[in-house]
Amino acid sequence: MDGAAAPARPAGLSAYVAVSQALGLTLLLATGAWLGRYRGGVAWHSALRLNVHPLCMVLGMVFLQGDGIIAVFESHRAKGIPDMYSLHSWCGMAAFVLYLLQWLLGCGFFLLPGASFPLRGRYKPQHIFIGIALFALSIAVCLLGITEMLLFNIRDSYSRFVPEGVLANTLGVLLVAFGLVVGYILTRDEWKRPPLAEELALSMDFKTLTEGESPSGGSQ
């Protein structure tokens, strides 16, 4: 037959991906159970507007976090609560700004045609690092938010292992477990996607640029 054989699937990758997705689904279910059973559910035009914030943060720090941030500011305004005073709010806003910068820089370097291959090659490691750092920061923000919300609502009974506190703590443990599994997947070199042809060309162009060789292989 014409063409090379399909590469073998990396051993263990499917199992870890399945575990990460199961943790993610459990995480969403736990969030829904907490907000629905103990916090009254989710609604925008009511006192339940604040609950939109943790729901959107957990569902998607990239695509839905804008609605979540609007919800918490609107809720603070309605209740007379000051904004941007806690560590949770500081880290959350830092994550929001960094996500925006990551998206804009990613579009500028990899989507728009203006950036050269060598320039993309130099930026790619930074793009990967920032993405991983933002993922870790997002989990930290969620953990801070869970603790803050529990202290606001059940401060007096939290230490007595009330059901809401146990469920919210379980949600935090699931967040950490999800982050650890995803982080482990990201650190396994044998599970990385093989580079595409255009990425190999980018790598060769970057090597040519840094080693001072001409594209034809001769020295400059």
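All residue numbers in this chain count up from 1 along the given sequence.
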Can you list every salt bridge (charged side-chain N to carboxylate O under 4.0 Å, His left out) pair that touches [range], not counting sequence neighbours?
{"range": "residues 89-118", "result": "none"}
{"range": "residues 78-107", "result": "none"}
{"range": "residues 130-147", "result": "none"}
{"range": "residues 86-110", "result": "none"}

Non-neighbouring partners of Tyr123 that pass ring pair (Phe, Tyr, Trp, His ring centres under 6.0 Å), sequence neighbours left out:
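Testing Tyr123 for ring pair (Phe, Tyr, Trp, His ring centres under 6.0 Å), a comparison that skips the adjacent residues, returns Phe109, Phe110, His127.
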Residue list, side chain to side chain donor-acceptor pair (under 3.5 Å) with Ser86, at least two apart or on another chain:
Ser89, Glu148
Residues 129-136, side-chain donor-acceptor partners within the protein, below 3.5 Å, at least two apart:
none

Is the shortest side-chain heavy-atom distance between Thr147 and Leu143 below 4.5 Å?
no
When the side chains of residues 169-178 are checked against the rest of the protein, which donor-acceptor pairs come out under 3.5 Å, sequence neighbours left out?
from: Asn169; atom 1: OD1; to: Tyr158; atom 2: OH; distance (Å): 2.7
from: Asn169; atom 1: ND2; to: Gly165; atom 2: O; distance (Å): 3.4
from: Thr170; atom 1: OG1; to: Val166; atom 2: O; distance (Å): 2.8

What side chain to side chain donor-acceptor pair (under 3.5 Å) pairs are there with at least one residue in residues 31-41, not counting sequence neighbours?
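Applying side chain to side chain donor-acceptor pair (under 3.5 Å) to every pair that reaches into residues 31-41, excluding sequence neighbours, yields Trp34-Glu164, Arg39-Asn153, Arg39-Glu164.
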Using the rule that two of Ile, Leu, Val, Met, Phe, Trp, Tyr join whenever any of their side-chain heavy atoms come within less than 4.5 Å, decide whether Val72 and Met84 are in one cluster.
yes
State yes or no: do Ile154 and Leu151 share one hydrophobic cluster built from I, L, V, M, F, W and Y residues joined by side-chain heavy-atom distances below 4.5 Å, directly or via other members?
yes
[atom1]-[atom2] distance between [X] and [Y], expressed to the nearest 0.5 angstrom:
{"X": "Gln102", "Y": "Cys107", "atom1": "CD", "atom2": "SG", "answer": "10.0 Å"}
{"X": "Leu101", "Y": "Phe96", "atom1": "CG", "atom2": "CZ", "answer": "10.0 Å"}
{"X": "Ser116", "Y": "Arg122", "atom1": "OG", "atom2": "CZ", "answer": "6.5 Å"}

Please indicate whether Tyr85 has more than 12 foreign heavy atoms, meaning atoms of other residues, nucleotides or ligands, lying under 6.0 Å from its OH.
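Yes, the 6.0 Å shell around OH holds more than 12 heavy atoms from other groups.
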Got a sec, which residues hit side-chain contact (heavy atoms from CB on, under 4.5 Å) with Ala33, two or more places apart in sequence or on another chain?
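In terms of side-chain contact (heavy atoms from CB on, under 4.5 Å), with neighbours along the sequence ignored, Ala33 is linked to Leu167.
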Quick one: hydrophobic cluster around Leu87, which other residues, with the 4.5 Å side-chain cut-off, linked directly or via members?
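Taking Ile, Leu, Val, Met, Phe, Trp and Tyr as members, Leu87 shares its hydrophobic cluster with Leu144.
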Shortest non-hydrogen contact from Gly108 toward Ala115
O-CB, 3.9 Å
Applying salt bridge (charged side-chain N to carboxylate O under 4.0 Å, His left out), can you list everything that pairs with Arg77, at least two apart in sequence or on another chain?
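With sequence neighbours excluded, Arg77 shows a salt bridge (charged side-chain N to carboxylate O under 4.0 Å, His left out) to Glu74, given in chain and number order.
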